[in-house]
Protein chains: 2
Amino acid sequence: MRLNEAKNVIDEAISSGRTLVVVGECTVHYHGRAASKLASGERLVIVKSDGSFLVHQNKNMAAINYQPPKGVITAELGDGALVLRASRREPKELLEAFFSRIDFAQSFVMRDDRSLRVFGTEKNLSELLMQDLELIEPGLRPVKSESPLGKGRIDVFALDRDGNPVVIEVKRRTAGLSAVSQLQRYVSEVSKRKGVRVRGVLCAPGISPKALNFLECEGLEFFKLDYEVHNPSAEIKGLQRKQAGLKEFF
Amino acid sequence: MRLNEAKNVIDEAISSGRTLVVVGECTVHYHGRAASKLASGERLVIVKSDGSFLVHQNKNMAAINYQPPKGVITAELGDGALVLRASRREPKELLEAFFSRIDFAQSFVMRDDRSLRVFGTEKNLSELLMQDLELIEPGLRPVKSESPLGKGRIDVFALDRDGNPVVIEVKRRTAGLSAVSQLQRYVSEVSKRKGVRVRGVLCAPGISPKALNFLECEGLEFFKLDYEVHNPSAEIKGLQRKQAGLKEFF
DNA sequence: GCGATCAGCGGCACG
DNA sequence: CGTGCCGTTGATCGC
């Protein structure tokens, strides 16, 4: 495909707001929050109507170079090369793909007004847990979820059978050091504000050895959270009160 | 394009290890670490030879559904629909795109053995900072970088003019609460191990108000790190000793 | 708009 | 392998 043919396809795509797909040999320069150079190779470039710009190599899921939405897209033909640019201010960034050869260029109308429905997110688990904190410990009752704090936001705030405040941090996957740090931060602040000892419970499907050690050192607690994701929901194993009206999620 | 034509293109792409691009109307189901459903719409699907699988809507940089490398790709034609699947074990996951219509399907050979060279990463900044800690404070001298610890890995470990240990955490962008937590974790451990008071310095281009407050509460310090990324390098403003042989980076 | 956090984070480097 | 952690993180949601 000749570069000037490709140029027409590209201009047409940009002006009409269609999704553009280009395959060809190019080098890529990026300069903005960081800077990068990518020497010549055959890549797949995608430009979306919101200004998103992606450069894909033939491996890995993530784009090797990219620009998030709101970029201004321009194309320029000259000197035996076709340059495709995405730029924006704030932060000031410029991404350029210099094509020496274009094997394919076409644009597509992509009508799509549907959004993804996901199950098994951390928020999901928090909500389920709120329904039956007894799972963690008899007498534990919920007070507030997503409680804003000076130093962050507590997933679940509760009171144990003796009326002691309990801060609960939920993680959807194996908890690491940072999860413990996070919990520690919340517990420490609540404790300081209330002037009483506050318990901290980390709820996750697992915890790394170092994180467990750290957690124990800090006098925090770990509760193993077994859950499964079903298609239209997530479910915590052992939960007594199942969420009513799950179908309303749809 | 008829679905059975597309099927041939897809099979050919999979067996030959080429990069596959498909555009058409589809619904997408995912079930694995979480679960998701995406109702019908026109999307762009990319399948790479390493098993990466991407479903792109016409907006946003990130794929709406995906599967990282090492997925097993299969295609099945039946019942007026073409199903494209990516699956893997460990974790057990399945991603399916059900195409009711295919507008485009083609595969591409994408020769590419070049990798990205990036400048202005955190590691970059750490290394530059190591060259002249005097920038932070007179008399400050480097001891070790990337020092492994029980509870993490210290960016830069140093001694101040009085011989006090100083833990330095570098962030390439505005530091938030988690950066302070991270630094606090390191300082606390080193302090416990050495049995002496240890200083902690957070070096970043900025710090959020809450993070600053937290940092000060914890007796930690903040140092504003001004830097610029140039094309073949990154540069910290005010640095005395410039890195020699930067050109060798290439 | 900034800030804080999650993400099916991905990807990498190190033990 | 797991674990930690950075990332041009991106994307969302709340202030």
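Throughout, a chain's letter reflects where its sequence line sits, starting with A, and its residues are numbered from 1. Not measured: the values here are computed from a predicted model.
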Of the nucleotides [options], which has the atom closest to the [X] side chain?
X      : options              : result
B/Y30  : C/dA4, C/dG8, C/dC6  : C/dG8
A/Q182 : D/dG10, C/dG8, C/dT5 : C/dT5
A/L177 : D/dG10, D/dG4, D/dC6 : D/dG4
B/S208 : C/dG3, D/dT8, D/dC6  : C/dG3
A/N65  : C/dT5, D/dA11, D/dT8 : D/dT8

Check whether any side-chain nitrogen or oxygen of [X] sits under 4.0 Å from OP1 or OP2 of [N], and answer yes or no.
X      : N      : value
A/R173 : C/dC9  : yes
A/R33  : D/dC6  : no
B/Y66  : C/dG11 : no
B/R172 : D/dT9  : yes

> Have A/S181 and B/Q182 got a donor and an acceptor in their side chains that come within less than 3.5 Å?
Replying inline: no
>> Between C/dC14 and D/dT8, how many Å separate the two C1' atoms, rounded to a whole number?
In response: 24 Å
> Between C/dG8 and D/dG14, how far is it from one C1' atom to the other, in whole Å?
Replying inline: 24 Å
Any base atoms under 4.0 Å from [X], or only sugar-phosphate, or nothing? Heavy atoms, all strands.
X      : value
A/R88  : nothing
B/E169 : sugar-phosphate
A/G176 : sugar-phosphate
B/T174 : nothing
B/T121 : sugar-phosphate
B/P209 : sugar-phosphate
A/L149 : nothing
A/E146 : nothing
B/K171 : sugar-phosphate
B/G32  : nothing
A/Y186 : sugar-phosphate

> Has the side chain of A/N60 got a donor or acceptor that lies under 3.5 Å from a partner of the other kind on the base of C/dG11?
Replying inline: no
> Do B/E93 and C/dG8 have a side chain to base donor-acceptor pair shorter than 3.5 Å?
Replying inline: yes
>> Heavy-atom nearest nucleotide on DNA chain D for A/K210 versus B/K59: which residue maps closer to 5'?
In response: A/K210
> Considering heavy-atom distances to DNA chain D, does B/V170 or B/E90 have its closest nucleotide positioned more toward the 5' end?
Replying inline: B/E90
Euclidean distance, atom [atom1] of residue [X] to atom [atom2] of [N] [Å, nearest integer]:
X      : N      : atom1 : atom2 : value
A/E96  : D/dT8  : CD    : P     : 18 Å
B/I207 : C/dG3  : CD1   : P     : 11 Å
B/I64  : D/dG10 : CD1   : C1'   : 12 Å
A/L54  : D/dT9  : CG    : P     : 16 Å
A/R153 : C/dC6  : CZ    : C1'   : 9 Å
A/N213 : D/dT3  : CG    : C1'   : 14 Å
A/N124 : C/dG8  : CG    : P     : 11 Å
B/L116 : C/dG10 : CG    : P     : 19 Å

With the threshold set at 4.0 Å, does a side-chain nitrogen-carboxylate oxygen contact exist between [X] and [Y]?
X      : Y      : result
A/E93  : A/R88  : yes
B/E42  : A/R111 : yes
B/E189 : B/R185 : no
B/E169 : B/K171 : yes
B/K224 : B/D226 : yes
A/D112 : B/R43  : yes

> Between CG of A/D155 and CE of A/M130, what distance do you get to the nearest 0.5 Å?
Replying inline: 10.5 Å
>> If you assign B/Q67 and A/M61 each to the DNA chain C nucleotide with the nearest heavy atom, which residue ends up on the more 5' nucleotide?
In response: B/Q67
